[in-house]
Amino acid sequence: MSKVEMQRIVEKMNLKNLTPDVDLTDKYVVVPDINRPALQLAGFFEHFAAERVQIIGYVEHTFLEQMEKEAKTKVYDTLFSYKIPCIIFCRALKPDPELLEKANEMQIPVFSTEIQTSAFTAEIIRWLNVQLAPCISIHGVLVDVYGVGVLIMGESGIGKSESALELVKRGHRLVSDDVVEIRKVSDDTLVGSAPDITKNFIELRGIGIVDVKTLYGVQSVRETQNIDLVITLEDWNKETDYDRLGMEEEYTSFLGNKVVCHQIPIRPGRNLAIIVETAAINHRQKQMGYNAAQELYKRVQRNLAKK
């Protein structure tokens, strides 16, 4: 099961730790959703989503301030009896000492952020959805070309890394070389990233490992990118009937999501970088409602009709 270390959440969300005595090394979040425990503070704990990050906003904080001490103590005892991952106070709200004392006793971390509750909730859900999404690793190269995430696949040694390096030289951005981690963020979105150990590196046969970020600057790399288009490189075979018009889209599937796929035959003299650039631009054009193949077909039909 996927999980995110609590320390990573603290660093990513820039949270202030209000319970520094609580050890975070064995604390994890396993679901991308959050819970605002308004009903729980009122004493209703049925169907309590205790496995979620608990967020306290202005409404919950005001309610706690107006509660009687006995009722508050009872609610805290019940709330902290569940193995909740953490509690986060938004808008720089300050929890009362009794809550912090109980949290330290039960070894449940409490954090604070200055961000507004709605904005923080949206951001942490978005980030956790990416981190906890179903994930697979595939052999390929992922490049951001004009904002289109292009996944280049093919047999080892066919020229994927060389194509990516040429694209970087032409002003595009590398996401990952050799191994691409693909996460299914939603039924429509796949996000690709590089493993930490190979991030920003490209392997070139005969040269070795190249650090793209160091050679070409920070503008030449990015951490994540949606996968919009797949280009599969293969050796040219004169017996194969390749698509020359592109009237119908072909697809490949990752984690149940379909992505447009092009089969590109390789032979001496073909400029792969220009082909990938053109494929990316053409894909954007189709997304915006213009299909060059269909336009050519309409012209031919109109010409035949005139004759």
Side-chain angles (χ1 to χ4, degrees), residues 1-134 183-187 189:
M1 181 172 58
S2 300
K3 57 186 178 182
V4 180
E5 296 85 354
M6 191 64 68
Q7 189 60 46
R8 282 190 64 200
I9 298 176
V10 172
E11 294 170 0
K12 178 65 180 180
M13 297 294 147
N14 195 25
L15 301 176
K16 180 180 179 182
N17 192 350
L18 303 179
T19 52
D21 294 334
V22 176
D23 186 11
L24 301 182
T25 55
D26 61 342
K27 305 293 183 184
Y28 303 95
V29 173
V30 296
V31 294
D33 301 311
I34 64 96
N35 182 62
R36 294 187 65 173
L39 287 174
Q40 286 71 49
L41 298 180
F44 185 80
F45 282 88
E46 291 186 33
H47 311 295
F48 176 36
E51 72 282 0
R52 300 181 182 182
V53 172
Q54 308 295 314
I55 292 184
I56 302 292
Y58 181 73
V59 174
E60 292 84 2
H61 185 263
T62 304
F63 181 78
L64 284 172
E65 286 184 329
Q66 297 175 355
M67 287 182 67
E68 297 287 341
K69 185 176 180 179
E70 286 187 15
K72 191 185 298 186
T73 302
K74 183 179 179 181
V75 165
Y76 287 165
D77 287 340
T78 308
L79 179 65
F80 285 105
S81 66
Y82 291 85
K83 294 298 181 181
I84 57 178
C86 67
I87 298 178
I88 301 175
F89 282 78
C90 296
R91 302 166 61 107
L93 298 170
K94 297 181 179 180
D96 59 65
E98 188 176 352
L99 184 144
L100 293 178
E101 181 182 345
K102 193 68 179 178
N104 279 302
E105 178 186 338
M106 302 302 293
Q107 287 294 291
I108 293 175
V110 179
F111 306 110
S112 174
T113 176
E114 296 181 356
I115 303 175
Q116 298 290 321
T117 310
S118 297
F120 179 79
T121 299
E123 177 59 20
I124 194 171
I125 289 176
R126 183 202 64 78
W127 186 74
L128 286 175
N129 265 315
V130 173
Q131 300 303 312
L132 295 171
R183 289 179 170 83
K184 181 179 179 178
V185 178
S186 71
D187 290 339
T189 306

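Hydrogens, waters and symmetry mates are skipped; everything else that's a heavy atom, side chains included, is used.
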Side-chain touch F111/I9, heavy atoms, less than 4.5 angstrom: no

Could you give the side-chain donor-acceptor pairs of residues 28-43 under 3.5 Å, partners two or more places apart or in another chain?
unit_1, atom_1, unit_2, atom_2, d
N35, ND2, Q54, OE1, 2.8
R36, NE, E60, OE2, 3.1
R36, NH2, E60, OE1, 2.9
R36, NH2, E60, OE2, 3.4
Q40, NE2, F44, O, 3.3

Is E123 salt-bridged to R126, cutoff N-O under 4.0 Å? yes

Count the heavy atoms of every other residue, nucleotide or ligand shown that sit under 6.0 Å from CG of D187, and state whether that count exceeds 12. no

Rounded to the nearest 0.5 Å, what separates atom CG in L128 from atom CZ in R8? 9.5 Å

For residues 75-92, which side-chain donor-acceptor pairs fall under 3.5 Å, sequence neighbours excluded?
unit_1, atom_1, unit_2, atom_2, d
Y76, OH, D96, OD2, 2.6
D77, OD1, K102, NZ, 2.9
T78, OG1, K74, O, 3.0
S81, OG, T78, O, 2.5
R91, NH1, Q116, OE1, 2.8

Sequence-distant partners of T62, side-chain hydrogen bond (donor to acceptor under 3.5 Å, both in side chains), two or more places apart: none

Residue pair V10, N17: steps toward the side chain to side chain contact (heavy atoms under 4.5 Å, CB included) verdict: CA-CA 8 Å; V10 172; N17 192 350; 5.5 Å; no

Ignoring hydrogens and angles, tell me if any N or O in the side chain of H61 forms a donor-acceptor pair with the backbone of K94 under 3.5 Å. yes

Evaluate the side chain to side chain contact (heavy atoms under 4.5 Å, CB included) criterion for residues V4 and L132: first the C-alpha distance (whole Å), next the side-chain angles of each, then the deciding distance (0.1 Å), finally the verdict. CA-CA 7 Å; V4 180; L132 295 171; 3.5 Å; yes

From CG (N104) to CG (L99), nearest 0.5 Å: 10.0 Å

Verify the neighbour count for atom CD of E70: are there more than 12 heavy atoms of other residues, nucleotides or ligands below 6.0 Å? no

E68 atom CD, over 12 foreign heavy atoms within 6.0 Å: no

Quick one: pull up OG1 in T19 and CE in M106 and give me the separation to the nearest 0.5 Å. 13.5 Å

Can you see which heavy atom on V22 is nearest to which on A103, and at what distance? CG2-O, 4.3 Å

Closest non-hydrogen contact found for S112 with L18 is CB-CD1, 3.8 Å

Here the gap from Q131 atom CD to E5 atom CD, rounded to the nearest 0.5 Å, amounts to 9.5 Å

Straight-line distance of T117 OG1 to L93 CG, nearest 0.5 Å: 7.0 Å

Could you tell me the separation between the NZ atom of K16 and the CD atom of E114, rounded to the nearest 0.5 Å? 8.5 Å

